[in-house]
Colleague: 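Take a look at this one; I'll ask things after.
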Protein chains: 4
Amino acid sequence: MPRAAKKPRKLGRPPATDSAETRRRILAIARETFAVHGYEVTTNRDIANQAGVTPAALYHYFPSKADLYVAVLEDAQSLVSTRFNDAVSGRANFLERFDAVLDAAHVLNGEDPSYARFLGAVRIDARRHPEMRVALDEAQLPTQKFVVELVEEAVAAGDVARSHRSMVLSFLLTTLAGLTDVASDDLRHHRTAIAAAKSALRGSLLADPR
Amino acid sequence: MPRAAKKPRKLGRPPATDSAETRRRILAIARETFAVHGYEVTTNRDIANQAGVTPAALYHYFPSKADLYVAVLEDAQSLVSTRFNDAVSGRANFLERFDAVLDAAHVLNGEDPSYARFLGAVRIDARRHPEMRVALDEAQLPTQKFVVELVEEAVAAGDVARSHRSMVLSFLLTTLAGLTDVASDDLRHHRTAIAAAKSALRGSLLADPR
Amino acid sequence: MPRAAKKPRKLGRPPATDSAETRRRILAIARETFAVHGYEVTTNRDIANQAGVTPAALYHYFPSKADLYVAVLEDAQSLVSTRFNDAVSGRANFLERFDAVLDAAHVLNGEDPSYARFLGAVRIDARRHPEMRVALDEAQLPTQKFVVELVEEAVAAGDVARSHRSMVLSFLLTTLAGLTDVASDDLRHHRTAIAAAKSALRGSLLADPR
Amino acid sequence: MPRAAKKPRKLGRPPATDSAETRRRILAIARETFAVHGYEVTTNRDIANQAGVTPAALYHYFPSKADLYVAVLEDAQSLVSTRFNDAVSGRANFLERFDAVLDAAHVLNGEDPSYARFLGAVRIDARRHPEMRVALDEAQLPTQKFVVELVEEAVAAGDVARSHRSMVLSFLLTTLAGLTDVASDDLRHHRTAIAAAKSALRGSLLADPR
DNA sequence: TATGAATGAGCCTTCATTCAT
DNA sequence: GATGAATGAAGGCTCATTCAT
């Protein structure tokens with residue numbers, strides 16, 4: 001891990017600091033680092049160093065490492081939720097909506113890959129750290145619900161056969177999970193995987209419809 | 001603290017707790033534990049305790065924790081490879097072959113879920129622990145190659161449009177990844193996700209073909 | 001986090017929260033907290049929170065935590081000295097004087113147990129924190145001297161045999177120490193212990209004189 | 001705190017170590033250090049350094065600092081109990097028994113003052129550290145009970161007036177507490193305080209009976 | 001007068017690992 | 001082949017204290 005500029009700061013309050021800015025910086029760096037290295041491997045010192053503060057300073061903003069992690073998740077979830085909801089709004093057709101969600105995911109990945117990467121990491125860390133499990137599950141609920149409703153409405157609209165409901169839901173979740181997992185390192189890869197998912201849903205994965 | 005097994009044997013076979021058996025036990029327990037908790041969270045003591053030895057004893061079988069992890073992966077890979085290869089052998093059609101692979105995965109999951117779970121965990125741990133990365137990537141190559149060849153042969157046989165090659169490959173990898181990730185805790189879930197993948201490949205995910 | 005007191009005053013006296021009041025409040029709360037938890041366990045934040053200020057604010061009133069502790073002791077000593085001196089004034093007989101001192105201690109304990117408790121704690125904290133030792137010993141001198149003089153005068157007055165001087169002194173000090181230590185939690189207990197001490201001095205501890 | 005000899009020991013098991021001996025050494029040093037500085041101020045490093053091991057080694061013998069503290073108490077209690085019980089055995093008269101107990105305390109104080117000092121410290125630390133309170137109270141029970149029974153039997157034997165029972169008990173406890181508190185630093189002081197207590201019980205504190 | 005942001009030192013604890021036995 | 005005693009490094013966290021505002 002590279003270390004930022006080496007400014008041996010003195011005691012006391014640093015001149016002209018914007019507390020909110022520092023908090024945002026910590027969250028962003030924490031997201032990136034947690035995303036790549038996971039909860040365990042990432043140390044408070046890693047995050048603090050990159051954010052240009054001391055490990056103790058983190059405790060000014062978050063009560064514990066676990067709370068910081070949860071805060072990062074909440075932050076990420078709120079962004080993704082907004083993006084996904086904006087994406088589907090105004091679109092009625094299931095295929096269009098699903099495309100829009102995948103495209104939104106891809107755009108976000110282009111802007112800042114750390115979101116997808118982190119969200120992928122959370123699923124693993126939640127399993128590995130029971131202490132945070134409840135909080136993490138709760139924070140993930142919105143997206144979970146979003147996908148369920150997407151399918152529910154598609155069934156209601158007749159875009160998905162009622163008998164296929166749970167299969168389609170399973171497909172969506174598996175695909176979304178697989179996407180963050182396999183492809184978030186490489187944008188081209190990501191694009192291909194998205195195209196594949198769209199095609200699969202349309203029934204033209206193996207070949208274009210004749 | 002002394003441990004179990006202290007039954008004064010008289011007749012029959014001499015103490016069967018030979019070193020090979022102990023090694024196998026350690027590997028199996030390590031797989032299960034690494035699978036659930038990951039590399040970092042799992043301690044040598046966790047594994048040793050469950051295996052009925054002291055942490056120091058592990059060092060008779062593996063030079064380090066990292067080496068143990070790699071050994072578990074090699075062991076798992078070799079089993080999965082065999083299963084997958086057996087599954088496709090004798091089947092020419094791509095859809096049949098893919099089905100067979102998924103079914104094999106499901107059967108294995110029923111027998112011992114720790115394999116799939118561990119293989120899922122490896123993808124994450126490899127990213128998180130650069131020291132082991134090379135060894136892990138190498139050990140994972142066989143499966144990677146297996147999937148690539150599956151698609152390659154399907155293209156050659158005309159089962160997959162040449163232009164869709166990379167998309168199908170991407171789909172397979174994403175699905176395989178998503179499967180270990182989302183569904184390995186719950187066999188029913190796993191089965192549904194597999195059905196969804198099969199259906200997706202056949203173009204009938206949203207509804208049965210009329 | 002902002003705090004209490006925000007009643008828009010209109011008429012009458014201007015904001016009475018002058019600094020002297022704050023200082024007194026800090027001293028009182030520090031005494032109570034130090035008394036129960038001791039020097040080490042009590043944090044600046046504990047005291048500040050209860051006093052309705054920030055930890056940094058303490059430094060406007062006292063140069064350091066240690067200085068605050070010493071200030072609390074000086075404050076307590078001055079009160080106890082006054083009480084004890086008032087108690088003995090006008091009484092010539094040793095037994096009467098000693099009774100008066102014990103009664104004064106009991107009354108104070110009823111009014112505000114934190115004084116006795118704190119004074120008891122000081123004996124321990126002085127041993128444990130060499131940095132404060134000198135200052136603490138000095139501040140405790142008045143009471144020490146008070147007891148010595150009490151005995152001295154009793155010997156001079158013939159109330160105590162000259163040969164028993166150091167024994168009586170020792171008894172007084174041990175009793176005073178034991179009292180804060182064993183009984184300051186429970187007023188009834190305190191009263192019994194005081195009765196015992198009075199009785200012991202009169203030679204009727206085991207039974208009433210026949 | 002002075003530090004013992006500086007022997008930079010290497011990794012692995014040191015040659016010819018007696019585990020039991022190390023444990024005893026740790027307990028003894030912990031007792032002395034806890035006695036003087038208390039639970040909070042004493043660090044694992046303090047104890048470890050003096051015992052010639054690293055702080056981590058303590059965890060080989062005790063699960064935590066708190067457990068070590070409790071272990072020290074149990075060890076001390078068991079010794080004191082034995083001494084006190086031996087002291088009273090064979091003596092029927094209350095005054096004789098009480099004298100014997102005080103003498104035993106004095107002898108022990110001469111042999112190793114850290115016992116009395118530690119026992120005095122426990123009363124304070126138990127108040128200051130609620131987490132250990134239950135364990136500490138329980139460990140102190142034997143001595144508590146010993147004193148209660150001493151008085152009970154004295155009442156039964158007619159050595160103490162029934163109406164004076166609780167006062168005598170209070171006196172004993174206060175004195176025992178005051179003794180560890182005030183006088184354990186200085187053997188002469190200790191002796192005087194003990195003489196005073198004996199005299200007080202006999203009713204001849206102020207002067208020899210005429 | 002008081003706050004809030006930040007630091008540096010230090011503490012308890014855990015862990016992979018070593019080595020004499 | 002296995003254990004138990006011990007280490008060194010590191011991690012999360014707390015705390016007294018400082019200083020710009």
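In what follows, every chain begins at residue 1, and chains take the letters A, B, ... in the order their sequences are listed. Computed from a prediction, not measured in an experiment: that's the story for all the values here.
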Colleague: Grab the CG-P distance between B/Asn49 and F/dT3 for me, whole Å please.
Modeller: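 Atom CG in B/Asn49 sits about 11 Å away from atom P in F/dT3.
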
Colleague: Quick check: on DNA chain E, is the nucleotide nearest D/Tyr39 upstream (toward 5') of the one nearest A/Pro55, or the reverse? Name the residue that is more 5'.
Modeller: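 Its nucleotide being nearer the 5' end, the pick is A/Pro55.
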
Colleague: For D/Thr43, does its backbone N or O pair with a side-chain atom of D/Asp46 as donor and acceptor, under 3.5 Å?
Modeller: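 Side chain of D/Asp46 to backbone of D/Thr43, a donor-acceptor pair under 3.5 Å: yes, one is there.
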
Colleague: Of the residues in residues 59-75 of chain A, which ones touch DNA chain F at a heavy-atom distance under 4.0 Å?
Modeller: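 Contacts with DNA chain F under 4.0 Å: A/Tyr59, A/Ser64, A/Lys65.
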
Colleague: Hey, what do you get for CG (A/Asn49) to OG1 (A/Thr54), rounding to the nearest 0.5 Å?
Modeller: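 So the CG of A/Asn49 and the OG1 of A/Thr54 are separated by 9.0 Å.
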
Colleague: What's the spacing between B/Thr33 OG1 and B/Ile26 CD1 if we round to 0.5 Å?
Modeller: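 The CD1 atom of B/Ile26 is 11.5 Å from OG1 of B/Thr33, to the nearest 0.5 Å.
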
Colleague: Tell me whether the rings of D/Tyr69 and D/Phe118 are parallel (<30°), tilted (30 to 60°) or perpendicular (>60°).
Modeller: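 Answer is tilted, since the angle falls between 30° and 60°.
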
Colleague: Mind checking the CZ-OH spacing from A/Arg128 to B/Tyr39? Nearest 0.5 Å is all I need.
Modeller: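 It comes to 12.0 Å.
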
Colleague: If only side-chain N and O atoms of A/Ser19 are considered, is one of them under 4.0 Å from the OP1 or OP2 phosphate oxygen of E/dA5?
Modeller: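 Answer yes for this pair, as a side-chain N or O of A/Ser19 is under 4.0 Å from OP1 or OP2.
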
Colleague: Rounded to the nearest 0.5 Å, what separation is found between the NE2 atom of C/His129 and the NE2 atom of D/His37?
Modeller: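 Rounded to the nearest 0.5 Å, the NE2-NE2 separation comes to 9.5 Å.
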
Colleague: Measure the distance from CD on B/Glu21 to P on F/dA2 and round it to the nearest whole Å.
Modeller: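 After rounding, the reported distance stands at 11 Å.
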
Colleague: Among F/dA6, F/dA2, E/dG8, which nucleotide has an atom closest to any side-chain atom of A/Ala56?
Modeller: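 My answer, after comparing the listed nucleotides, is E/dG8.
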
Colleague: Between E/dT17, E/dA6, F/dA16, spot the one nearest the side chain of A/Thr22, thanks.
Modeller: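 From the listed options, E/dA6 comes nearest.
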
Colleague: Test your reading of the model: is there a side-chain donor-acceptor pair from D/Arg25 to the backbone of D/Ala51, 3.5 Å cut-off?
Modeller: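 Side chain of D/Arg25 to backbone of D/Ala51: a pair is present.
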
Colleague: Given atom CZ of A/Arg23 and atom P of E/dA6, what is their separation to the nearest angstrom?
Modeller: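 Rounded to the whole Å, the gap is 13 Å.
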
Colleague: Please state how far atom CG in C/Asn44 lies from atom P in F/dT18, giving the value in whole angstrom units.
Modeller: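 It works out to 11 Å between those atoms.
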
Colleague: Between which residue ranges does DNA chain E form stems of three or more consecutive Watson-Crick or G-U wobble pairs, both distances under 3.5 Å?
Modeller: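 Stem segments, range with range: E:2-21 with F:2-21.
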
Colleague: Rounded to the nearest 0.5 Å, what separates atom OH in D/Tyr59 from atom CG in D/Asn44?
Modeller: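 So the OH of D/Tyr59 and the CG of D/Asn44 are separated by 4.5 Å.
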
Colleague: Which residue lies toward the 5' end of DNA chain F, C/Val41 or D/Ala57, if each is placed at its nearest nucleotide?
Modeller: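 The residue mapped nearer the 5' terminus is D/Ala57.
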
Colleague: Would you kindly give the CG-to-P distance between D/Leu58 and F/dG8, to the nearest whole Å?
Modeller: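 Computing the D/Leu58:CG to F/dG8:P distance gives 14 Å.
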
Colleague: Expressed in angstrom and rounded to an integer, what is the separation of C/Glu40 atom CD from F/dT14 atom P?
Modeller: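 Atom-to-atom, C/Glu40 to F/dT14, this comes out as 16 Å.
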
Colleague: Rounded to the nearest 0.5 Å, what separation is found between the CG atom of B/Asp67 and the CG atom of B/Leu58?
Modeller: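 Answer for the CG-CG pair, B/Asp67 versus B/Leu58, is 12.0 Å.
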
Colleague: Taking atom C1' of E/dC15 as reference, at what distance in whole Å does atom CZ of B/Arg45 sit?
Modeller: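 The distance from CZ of B/Arg45 to C1' of E/dC15 comes to 9 Å, rounded to the nearest Å.
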
